Structures are given as structure tokens and as C-alpha cells.
Amino acid sequence: MKDLFEDLNEVQKQAVSTTEGPLMIIAGAGSGKTRVLTYRIAHLIDKGIDSFNILALTFTNKAAREMKERISSLIGGTEAKNLWMGTFHSVFARILRAEAQKLGFPSNFTIYDTQDSVNVIKKVIAEMQLDTDIYKPKQVLGRISTYKNNLITVRSYFNNPELIEADASAMRPKTGEIYRAYVERCFKSGAMDFDDLLLRTNELLTRFPEVLAKYQDRFRYIMVDEYQDTNHSQYLIVKALASRFENICVVGDDAQSIYAFRGANIKNILNFKKDYSDAKVIPLEQNYRSTQIIVEAANTVISQNKEQLDKNVWTSNPPGDKIPVYRALSDADEANYVAAEIFNLKVSQQKKNKNFAVLYRTNAQSRAIEEALRKKNIGYKVYGGLSFYQRKEIKDLLAYLRILVNPKDQEALLRIINYPTRGIGDTTVNKLIVGADKLGKSLDELLENLELYFPSLGLNKAAFDKLINFWTMIQSFQVLLKTEDVYEVAMKVAVTSGILRSLKEDDTPEGISRVENIQELMNSLQGFVEEQKQLDEGDPSLNHFLENIALASDLDSGEEEDDKVSLMTIHLAKGLEFPVVFLVGLEENLFPSQMSMNTRQELEEERRLFYVALTRAEEKAYFTYAITRFRWGKIVDGEPSRFMEEVGEKYMEVLNVNFVNSFKNNTGLDSDIFDDDFTPRNRKSLKPADSSTSGISNSPKKLKPISNATIANPIEGSISALNVGNQVLHDRFGRGEVISIEGDPDNAKAVIKFENEGEKKLLLKFAKLKVL
DNA sequence: ACATTCCCAGTTTTT
DNA sequence: CTGGGAATGT
């Protein structure tokens, strides 16, 4: 057995060896957080603590799996066998399965994904005959989610005049009613949504002290990763479980909190010391991942945030390259540049595809990149977006399987009762629903005894027969499930239900791919069965399979071995690292997103997101932005993201802004601005980047007709003509006067006194200034 | 009851 | 431009 401490620096050692009492590890980006966590767990077990008594909560399944593997390789798999490590959602889903009856849920409750939840809300809104323009299902669900994450149950909602008033004054007075109906419907369906997994756990631990005691006693050592992204509901669970032994270790980085939009509360980490007065705090500040340029650039940006804990992330790594900034003419140009650059680096530096990641703010941005990579025959994988299990054909087949496990799952039942079409139309289904409501029964109870209820439903004979046929088929699957494994059953379902047949009728490329997807689902079912059979305590049940995929993220399914460029949103990239990272779409209104510029808090979260993105890079980061971009089928103009301005020219190398022209046109500009630093080396950097790399010329003359505003190069229009004393107009800050100009031409900055915003120092190549 | 067409709204991020 | 949902036609 190796010495666990030999691979660690002093601070890390301290973090690993502090096993008793509350501990907060503030782990800067790339500071070896995962290493500390895994070693700490290994150390605990090494010390003789039974792994049965350890609970480790991670943010993704992938992180959990990787950490488990690393622990196993440190101390051997059998030692760590009983360790509970997983996401909040999966760990507490497991506990809820064991205790569900106490809460009136079946132990095989279904887990609704967001789509399911939205569908339920839609139906509720329709039944209440509310206007979906006012009650937008997604928004309503978001509201409900916020309530749940803050432990506001339906009952406490109606006891809280402030909440009722808030919804009323937001012109949505029925929100509470929808909330009530939604919760009731989920309960009747034996279903929990994502938020329920946490909310119901809280309910379980509060209402049943003996249950709380049981798990408190079991989990004597608790670790929480990514603590900055826990929401109130999660916070309370951890607090309750840890309150007996207080051996709680939380790890996080407030600078990387990027999930406020789904209820994460950064106060949890900021207030840890208040919650546990004897808490130790250990900061991990040495970054082992990135070059100095990257670390310092990231620090510079994040230092603009007001709300944060003091820390000083540093690195002893080499300085590395400056961050190239590519100004693209369009999203396609941007994508071509990225693809060309990847191609070049593969040739010149023998890099592999998997050394690259392209990170973007929104999933929709992947398209252009994909196209460019395909053209150059560079293998890539897109993570996130529409995940495999969210595809219609997959959800359809899964709905059949869900019914078998939990016949009360109304969402699933309604999805398939007439798919593939079998003559059970809306009229029939509505009669069923109304009848079920009147009789106080669930749909499956009606179908189970249809002869009995038939007279009161007002159905015709034809409909009756079709329903009987349908339900008989479902029953036959249920019988099959008792003897056959889930793969066999799923195969039978796909064939007998007619799903496969109806999909095969469609021989368009999309149709063919749908059949392939079904095939792939079958493969994964087969893989699941085999894997579970091999495990000591494997559980090859259908129930278990469905839970796995309900809580799986797209990150989990990747075959790591493949040599592919990774394309993903920044959110998904959290916790990952790549030698070379392209940060694309750095434009105002895209990143930062236009939805997130209303309050300082929102903007600070975007800034943290930028920090996360930049710190994923080990050796080299690139910034790109496009001055025009296709968005919802239209071309829209973009201007450079403020985040580049915030990074500062010190760390960036602007590739392709045509300064030569602006120099020639220079008429009244103070000459000493250029005299300073205009050495040959700098002159070289002033040239536009080699346009052959992008395949598109940078020359303004060849610009596609875009709007006038875009053709007016901000540099030509501003630097050359800009003098101290000029009156200028800025898009965001309004009118102002130029106080001074400084710096070399490609990085000239001006201090401008704005009428309303006061004095600001702006990097001219990014500030879109209009001289008045 | 079902298929086809047409229109519109939406893009922030996810367990 | 896409996908969902309504409207329309058979």
C-alpha cells in the first residue's frame, strides 16, 4: 500500500489529514480538488473507518464514477465497496426507494424528467382553461421548482400571503392552484420530479426522526463536492444528516458557482463558517492545471465580482502563450477558424482530437462548429443538448417500460395509449380521464377492470374493444417481465407494440436513424443486464435501469477512449480539463446572455461562467467572436463580449483586426501614442492573421452585405479619428468625453468621462465608439 | 380518428 | 431554421 501523502503538497496534506469536525476546502480552479477528495476518502478508510459510514456527494455521476475508480486503485476495490458516492439525486432516490411507503409513494415510483413535468403542467393548465400565453408551462414549472427547492410546499404556499401576492401581482394568480394540481397529479401517478427527490427526502428526515437517526448514524463522515452549487433543499439535507457527528467536509469554489438559475445558493458556501463555528477552512490556491497567462487572465476577470471569498490562485507553471482573439465575420467564419486551428495544431504539435474542446454558451451554437469540423474530417462529439434518452422514439419505448414498472404513471400511459396509432383517439381518452376522476380511480385501475366500469364511461363498443386489446398487451408484457430479463422484455415490447414496424415504414434518413436509436437502446439494455449480473450486488431490474437513465446526464454515456474533439456548453464542462480550449461566441447578448444582464448578481454569475470556461484550459485558450451570426434564422449583429475587455490586452493577442489601414488613415492622432512601442515585433502582430487558415478573407471589401454599422470597423471609425476632447457615443454608456488615450495602437485604451456612468477606461478595439 | 399542412414561438445554462 | 400544436381536410 502506497503512502497516501507522498503525492500531495503541504496544504493538500492538511486537507486530507483533517478528518474530524467540520471542514471547508476552498479549492481554486485546477488546484487538485479531486485528488484531495479521493485521497481523503482513501485515508479515512485506511485509518480503519468502515466505508459503510462514508457518504460522498458529487455533482455528476461521472465525477462519482471516476472518484470511485481512483479510490479503488488507491486502496483496493473491496475496501471501498460500501462507500456511498453519487449525486444528490441518485443517492437520495435510493434512500427514498427504501422509505417511500412512509410518504405514501410506491417504492417503484417513477422519476419524471423535465419533459414529463412540463407535459403534466400543460395538461393542468389546459384543464383549468388558463391562457398559455400568460401561464407558460415552462415558466410555471420553474416557479414551482423554486418553491420546492426552498421547501415551500403547497400548504406553506397557501399559508404565505406574500407568495400569493407576488404571483397575483405578476398577473398569475392561479399559480398556487396549478402547483396544487401538479403535486396531486404526480402523487397519484406515483411519480417524483427532480426537485421532489430532494424535497421528499427533507420531508422524510423531518417527519420521521427514526429515519433521520438511522442515516445520521450511518453516515458518520460526509463529503460534499461542488458545495457552491447546492440549493437550499440540498443544504438542509446535508445539515440534518451531519448534525450528529459533524464530520462534514465541503469542497467548493465560490468563483465557480454557475447554477443559481436552478436554485443553487452561493450563500451556502459563503456562510459555512457561520453554520459551523468551529469549522476549519483550508484554501487550495496552487493551480496545477493551467499556464500563468490563463490563470492570471481568469483571476483578472473574476476579480471584478463583488461577492466572493478571498483567495489567491497562482501557478508555478510556465507563462504559456497569450490568448489569441479571433474576430470572425460570421458564425461560419468563426467555426472555420476553429476547425482550421485544430487542424494546424494537430499537424504542428501532434495534438490529438481529444486534446481539444470547443466551449459555448448555448447548445444551439454547436451546429456551425460541427459543420466546419465535418468539412475538415475532424472527429467530434457533441455533449448535452437533446440527450439520447430524450428523443421521441426512445421516450416512447421507455414509456411502455415505465408502465410495466409503475402502472399508475399516467404520463407514460397517455403517451403510448395511442402510439402507435390503434384507434384510441382523444375522445376516448378524455372519457377515460373524466371517468377516472369521477370514480376516484386511476387510469390503470379502470383499464384493469374495464368491464366493470364500462357502463359509466359512455364509451362505444369499438372503443371498448380497442382498450381491452391494448391493456391485454400491457398485461402480457407484465407477465413476461416476471420470467425474462429486461432486454428480452423490451425487445418484445418494441415488436409487439408495433413501434418498430411503424418506425421502419419511414425510410427517410431521420426515420432510419430512429430505428438505429431503438437498436442502440436495446444494446444499452443488454449491456446493463450483463453488467448488473456480474456485480456482487447487482440489480438487473427494469426499475433500476429506468432510474439510472432518468438521472443520467449526457456526460455519462461517452466512450472515453474515442479520440474526438469535445463540443459542449460551459456548464457541462465544469470539472473537466483540456489542453486546448476554444471559447467561442464571445459576444454581448450571447455571453453574457441577454437574459442575464439585468442585475449585478446575474452578470456576476455569467462572469463566473466565463471564469470556469477559461480555467478548463491547460496549455492554450482561444477567444473567438463573430460580428454577425445566425440566430433563429436571421442574421444578427454582435459586438465583442465585455469579458474580453475585462481580461485586458495584457493576456491577449488580437489576430485579425486590420490596424494597418487605420494607421494609414491616421490624421489627427497624437503621434506619441504610436511612437512608444512600435517595434518591428509589434508591427508584425498588427498584420491581419493569415486568412488562408479560415478560408475567408478579412478584407472589408469582400464582406458580405451586412449592416452599415458592422462594416464600419470599430477601429477605423474610432482610433484613427479619436482625439482627447472628442465627444463620443458608446452603445452602453451613452455620451462621453475623451479624457486621455494611452497604450500601443493595437491595444490603445482611452479614458472617457461619460455623462451618466462616470469615468471608464475602455479598450478601443472592443469599445464601439462613435465620434460625434 | 387520423394525416397533412400551416403557423408560430423560441434559445440560457441541467440534475 | 426547427419543432410543437392548432387548424384543416379526408
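Any value given below was found using the heavy atoms of this structure, including those in side chains, with hydrogens, waters and symmetry copies removed. Because the structure is predicted, anything quoted here is derived from the model rather than measured. A, B, ... follow the sequence lines: proteins, then strands. Residue 1 opens every chain.
- Within 4.0 Å of A/Arg608, counting heavy atoms only, lies no atom of the nucleic acid at all.
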Item to complete: Check the pair A/Leu197 / A/Phe109 against side-chain contact (heavy atoms from CB on, under 4.5 Å), numbers first and verdict last.
Response: CA-CA 11 Å; A/Leu197 295 176; A/Phe109 62 83; 4.0 Å; yes
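- In this structure, A/Tyr259 reaches the sugar-phosphate backbone alone: every heavy-atom distance under 4.0 Å involves primed, P, OP1 or OP2 atoms, never a base.
- Contact check, A/Ser90 against B/dT15: no side-chain N or O comes under 4.0 Å of OP1 or OP2.
- The residue A/Asp195 sits apart from the nucleic acid: no heavy atom pair falls under 4.0 Å.
- Dashed line: the shortest gap from a side-chain N or O of A/Lys136 to OP1 or OP2 of B/dG10 is under 4.0 Å.
- Ring planes of A/Phe643 and A/Phe610: tilted class, angle from 30 to 60°.
- The shortest distance between the side-chain N/O atoms of A/Asn363 and the OP1/OP2 oxygens of B/dT12 is not below 4.0 Å.
- For A/Ser593, taking side-chain heavy atoms from C-beta onward, the closest of the listed nucleotides B/dT13, B/dT12, B/dT11 is B/dT12.
- Taking the six-membered ring for Trp and thresholds of 30 and 60 degrees, A/Phe187 and A/Phe105 have ring planes more than 60 degrees apart, a perpendicular arrangement.
- Here A/Lys466 lies out of heavy-atom contact (under 4.0 Å) with every strand.
- With centres under 5.5 Å and a plane angle under 30° as the test, the ring of A/Trp632 is not stacked against the base of C/dC1.
- Going from atom NZ of A/Lys148 over to atom P of B/dT15 covers 18 Å, rounded to whole Å.
- Rounded to whole Å, atom P of C/dG4 lies 10 Å from atom CG of A/Asn119.
- Contact annotation: A/Ser596 does not reach the phosphate of B/dT13 (side-chain N/O to OP1 or OP2, under 4.0 Å).
- The same atom, C1', is picked in C/dG5 and in B/dT12; the two are 24 Å apart, to the nearest Å.
- Rounded to an integer number of Å, the gap from A/Arg361 CZ to B/dT14 P is 9 Å.
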Practice prompt. Could you check A/Tyr227 against A/Asp253 for side-chain hydrogen bond (donor to acceptor under 3.5 Å, both in side chains), going step by step and ending with a plain yes or no?
Written response: CA-CA 8 Å; A/Tyr227 191 64; A/Asp253 178 5; over 6 Å; no
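- A/Glu226 has its CD atom 14 Å from the C1' atom of B/dT14, to the nearest Å.
- Across the protein-nucleic acid pair, A/Tyr383 atom OH and B/dT13 atom P stand 18 Å apart, rounded to whole Å.
- Between A/Arg422 atom CZ and B/dA3 atom P there is a gap of 13 Å when expressed in whole angstrom units.
- Counting to the nearest Å, the C1' atom of B/dT11 and the NE2 atom of A/His571 are 14 Å from each other.
- Under the 3.5 Å distance criterion, with hydrogens and angles disregarded, no donor-acceptor pair is assigned to the side chains of A/Asp225 and A/Thr58.
- Remark: P of C/dG3 and CD of A/Glu393 are 12 Å apart, rounded to the nearest angstrom.
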Response to the item:
Pairs under 3.5 Å (Watson-Crick or G-U), crossing ones as [ ], inter-strand ones as |: DNA chain B comes out as ||||||||||.....
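- Residue A/Thr421 has its side chain nearest to B/dC2 when only B/dT15, B/dA1, B/dC2 are considered.
- Side-chain contact of A/Arg374 with A/Tyr380: a donor-acceptor pair under 3.5 Å is present, judged by distance alone.
- The residue A/Thr428 sits close only to the backbone: its heavy atoms come under 4.0 Å of sugar-phosphate atoms, none of a base.
- Annotation for A/Lys148 and A/Val183: closest pair CE-CG2, 4.4 Å, computed over non-hydrogen atoms.
- At the heavy-atom level, A/Thr114 lies under 4.0 Å from base atoms of the strands shown.
- A/Asn418 comes within 4.0 angstrom of the backbone, heavy atoms only, and of no base.
- Spacing between B/dT11 and C/dA6 at atom C1', rounded to whole Å, works out to 23 Å.
- In the set B/dT15, B/dT12, B/dT11, the nucleotide with an atom closest to the side chain of A/Thr87 is B/dT15.
- Along DNA chain B, the nucleotide nearest to A/Arg631 and the one nearest to A/Phe194 differ in position, and the one closer to the 5' end is contacted by A/Arg631.
- In this structure, A/Arg361 pairs ionically with A/Glu606, as a charged nitrogen and a carboxylate oxygen lie closer than 4.0 Å.
- OP1 or OP2 of B/dT11 sits under 4.0 Å from a side-chain N or O of A/Lys138.
- Counting any heavy atom pair closer than 4.0 Å across all strands shown, A/Lys122 reaches sugar-phosphate atoms only and no base atom.
- The shortest heavy-atom contact between A/Ala372 and A/Asn336 is CB-OD1, 3.6 Å.
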